[in-house]
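Notes follow the structure.
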Amino acid sequence: MHFIDEAVIDVLAGAGGDGCMAFRREKFVPRGGPSGGDGGDGGSVVLVGSGGLGTLYRLTFPANYHAERGRHGEGSNRTGRSGGDLLIPVPLGTEVYDATSGEVLGEVLAEEQRLIVARGGAGGRGNARFKSARQRAPRRTEPGTPGEQRRLRLELKLLADVGVVGLPNAGKSTLISRLTAARPKIADYPFTTLAPQLGVVGAPALPVEAEPFVIADLPGLIAGAAQGAGLGTRFLRHVERCRVLLHLVDLGPQAEEAESSVEEAADTISAELGAFNEDLLRRPRILCGSKVDIAADDRRRALRDLAAEQGLRAFEISAVAGTGLVPLVRELQSLLDAQGPAANMAAGARP
């Protein structure tokens with residue numbers, strides 16, 4: 001299944017049923033009078049959060065969703081049956097926009113949370129509703145109102161506790177594969193990860209009594225990503241939901257041969273995060289050097305100096321050799337515990 005984090009769908013709520021015009025004509029009911037019932041209300045289109053979904057792939061076909069219309073009223077004061085709501089499952093972290101106006105309609109962040117995106121029409125009144133002392137046999141009814149029709153643009157922002165950011169080939173996918181059961185594509189060329197990968201960090205990386213957390217391998221950034229370069233904003237919007245950022249800097253000889261200093265690599269990521277959303281620079285962040293098993297001493301010293309200058313804790317790891325992973329995971333767990341369990345949902349909001 002492809003990772004799809006954007007979708008455009010058309011939704012149409014059900015129209016309300018028409019009111020009925022009828023009169024009672026029964027043997028033992030003199031002057032029977034009006035007996036037309038009301039029409040039923042139309043069904044609404046509702047998005048429902050589902051933790052079992054991780055992509056908007058299923059919403060790309062079909063792209064048209066129609067809720068059930070209400071039934072018309074009937075004689076003997078029978079009200080028409082209301083149309084059933086159309087429930088559309090969406091992954092947690094889905095933001096909903098009106099595609100025409102750009103208006104934000106809401107977001108779905110919790111399991112079974114419901115968001116009405118198109119309201120059903122109201123049923124019309126039957127002629128029995130218009131009976132009065134002055135008008136004993138009204139011949140007036142109301143038609144049902146149409147349901148709302150909208151074109152929606154859905155954006156998925158993954159809900160993860162820790163987001164791993166860094167330049168291409170910084171070792172993000174290797175780290176995720178070592179800490180979790182996720183198996184992202186790993187290769188020695190840039191942009192091997194074309195879609196975010198989620199994994200759950202638990203035992204044996206964490207103590208048995210510790211609460212597992214979700215970590216996201218996010219595609220590599222390059223300079224200008226906030227303006228759309230590379231994977232651009234398709235990547236950056238997933239960072240907004242992360243509670244803690246793990247910033248990986250390549251300490252290996254390949255980065256040194258490319259004449260990319262530790263300071264330049266770190267500053268590129270920080271600049272793009274700040275250009276996209278300044279709030280990301282205020283998130284708890286760890287500066288971590290990767291590939292320490294083959295790193296030069298001068299690059300390791302540069303990483304420590306940079307972390308001290310920015311007031312961050314510096315870690316050095318080798319995902320291949322398993323060096324330094326335990327202290328790093330414990331620090332991530334400590335930062336998450338300090339924020340509390342309720343911080344996850346609030347972290348995704350943009351200022």
Review point. When rounded to the nearest 0.5 angstrom, what distance separates OG1 in Thr100 from CZ in Arg150?
Key: 9.5 Å
Exercise for review: For residues 82-93, pull every pair meeting salt bridge (charged side-chain N to carboxylate O under 4.0 Å, His left out), keeping only residues two or more places apart or in separate chains.
Suggested key: none
Review point. Can a salt bridge be assigned to the pair Lys157 and Glu240 using a cut-off of 4.0 Å between side-chain N and carboxylate O?
Key: yes
Point to revise | SB check Asp10 Arg151 (cutoff 4.0 Å) | key: yes
Review point. Can you find a pair of side-chain heavy atoms, one from Tyr65 and one from Ile9, that are under 4.5 Å apart?
Key: yes
Practice item. Without swapping roles, check the side chain of Glu68 against the backbone of Gly84 for a donor-acceptor pair under 3.5 Å. Key: yes
**Study point:** Ser261 backbone acceptor or donor facing Glu264 side chain under 3.5 Å
**Key:** yes
Practice item. State the NZ-CG distance between Lys172 and Asp250, to the nearest 0.5 angstrom. Key: 9.5 Å
**Study point:** All side-chain contact (heavy atoms from CB on, under 4.5 Å) counterparts of Ala314, not counting sequence neighbours
**Key:** Ala307
Check your understanding: Considering the options Val164, Leu245, Leu246, which one meets the side chain to side chain contact (heavy atoms under 4.5 Å, CB included) requirement together with Ile286?
Key -> Leu246
Review point. Any sub-3.5 Å donor-acceptor pair from Glu148's side-chain atoms to Arg119's backbone N or O?
Key: yes
Exercise for review: Walk me through it: do Val200 and Phe213 pass the test side-chain contact (heavy atoms from CB on, under 4.5 Å)?
Suggested key: CA-CA 6 Å; Val200 179; Phe213 60 85; over 6 Å; no
Point to revise | Atom pair CG (Leu273) and CG (Asn277), whose distance is rounded to the nearest 0.5 Å | key: 9.0 Å
Practice item. Would you give the length of the straight line joining atom CD1 of Ile269 to atom CG of Leu281, rounded to the nearest 0.5 angstrom? Key: 11.5 Å
Check your understanding: Nearest heavy-atom pair of Leu56 and Ala7: which atoms, and what distance?
Key -> CD1-N, 4.1 Å
Review point. Is there a path from Ile176 to Phe315 through hydrophobic residues (I, L, V, M, F, W, Y) whose side chains come within less than 4.5 Å of each other?
Key: yes
Practice item. Under the salt bridge (Lys or Arg N to Asp or Glu O under 4.0 Å) rule, collect the residues that match up with Arg330, sequence neighbours excluded. Key: none
Point to revise | Cluster link Leu335 to Ile317, ILVMFWY, side chain under 4.5 Å | key: yes
Point to revise | Flag side-chain contact, heavy atom, 4.5 Å: Leu87 against Arg114 | key: yes
**Study point:** Contact summary for Ala265 and Leu167, nearest pair of heavy atoms
**Key:** CB-CD1, 3.6 Å
Check your understanding: Looking at CD of Glu309 and CD of Glu263, how far apart are the two atoms once the value is rounded to the nearest 0.5 Å?
Key -> 8.0 Å
**Study point:** Donor-acceptor under 3.5 Å (Asn127 side chain, Pro138 main chain)
**Key:** yes
Check your understanding: With side chains defined as the heavy atoms from C-beta onward, is the minimum distance between Ser101 and Asp98 less than 4.5 Å?
Key -> yes
Exercise for review: Start with the C-alpha gap between Leu92 and Leu109, add the side-chain angles, then the distance that decides, and say whether side-chain contact (heavy atoms from CB on, under 4.5 Å) holds.
Suggested key: CA-CA 5 Å; Leu92 306 185; Leu109 299 176; over 6 Å; no
Check your understanding: What about Val162 and Leu328, same hydrophobic cluster or not, with Ile/Leu/Val/Met/Phe/Trp/Tyr joined at side-chain heavy-atom distances under 4.5 Å?
Key -> yes
Exercise for review: Only counting residues at least two apart or in another chain, list the ones meeting side-chain contact (heavy atoms from CB on, under 4.5 Å) with Ala63.
Suggested key: none
Review point. If only atom types and distance count, is the side chain of Arg243 paired as donor or acceptor with the main-chain N or O of Leu336 below 3.5 Å?
Key: yes
Review point. Is a donor on one side and an acceptor on the other found under 3.5 Å between the side chain of Arg153 and the backbone of Val96?
Key: no
Revision key, fill the gap. By side-chain contact (heavy atoms from CB on, under 4.5 Å), Leu53 pairs with (sequence neighbours left out) Ser50, Arg58, Pro89, Pro91
Check your understanding: For Gly144, does its backbone N or O pair with a side-chain atom of Asp18 as donor and acceptor, under 3.5 Å?
Key -> yes
Check your understanding: Who pairs with Arg301 by side chain to side chain donor-acceptor pair (under 3.5 Å), at least two apart in sequence or on another chain?
Key -> none
Practice item. Compare all side-chain heavy atoms of Leu105 with those of Leu152 and state whether any distance is below 4.5 angstrom. Key: yes
May I have the list of side-chain donor-acceptor pairs in residues 34-49 shorter than 3.5 Å, sequence neighbours left out?
residue	atom	partner	partner atom	Å
Asp38	OD1	Gly126	N	2.9
Asp38	OD1	Arg129	NE	3.4
Asp38	OD2	Arg129	NE	2.7
Asp38	OD2	Arg129	NH2	2.7
Asp41	OD1	Gly123	N	2.8
Ser44	OG	Gly120	N	3.0

Check your understanding: Does Leu325 reach the side chain of Leu175, with side-chain heavy atoms less than 4.5 Å apart?
Key -> yes
Point to revise | 4.5 Å side-chain heavy-atom contact, Leu154 and Leu156 | key: no
**Study point:** Nonpolar side-chain network containing Tyr97, other nodes, edges under 4.5 Å
**Key:** Val104
Exercise for review: Verify salt bridge (charged side-chain N to carboxylate O under 4.0 Å, His left out) between Arg300 and Glu316, making sure each step is shown before the conclusion.
Suggested key: CA-CA 8 Å; Arg300 296 178 66 180; Glu316 297 177 3; 2.7 Å; yes
**Study point:** Counterpart residues, salt bridge (Lys or Arg N to Asp or Glu O under 4.0 Å), relative to Arg125 (two or more places apart)
**Key:** Glu142
Check your understanding: Where do Ala118 and Ala13 come nearest, in terms of heavy atoms and distance?
Key -> O-CB, 3.6 Å
Study note, to complete from the structure: Taken in chain and number order and not counting sequence neighbours, the residues that satisfy salt bridge (Lys or Arg N to Asp or Glu O under 4.0 Å) with Arg139 are none
Check your understanding: Distance from Thr180 atom OG1 to Asp217 atom CG, nearest 0.5 Å?
Key -> 9.0 Å
**Study point:** Side-chain touch Pro284/Gln339, heavy atoms, less than 4.5 angstrom
**Key:** yes
**Study point:** Results of side-chain contact (heavy atoms from CB on, under 4.5 Å) for Ala15 - residues two or more places apart only
**Key:** Arg69
Check your understanding: Backbone N or O of Ala110 within a donor-acceptor pair of the Gln113 side chain at under 3.5 Å?
Key -> yes
Review point. Hey, are the side chains of Leu115 and Val108 touching, using non-hydrogen atoms and a 4.5 Å cut-off?
Key: yes
Review point. Is a side-chain N or O of Thr94 found less than 3.5 angstrom from the main chain of Val90, in a donor-acceptor match?
Key: no
Exercise for review: Tell me, please, which residues at least two apart from Glu103 pass salt bridge (Lys or Arg N to Asp or Glu O under 4.0 Å).
Suggested key: none
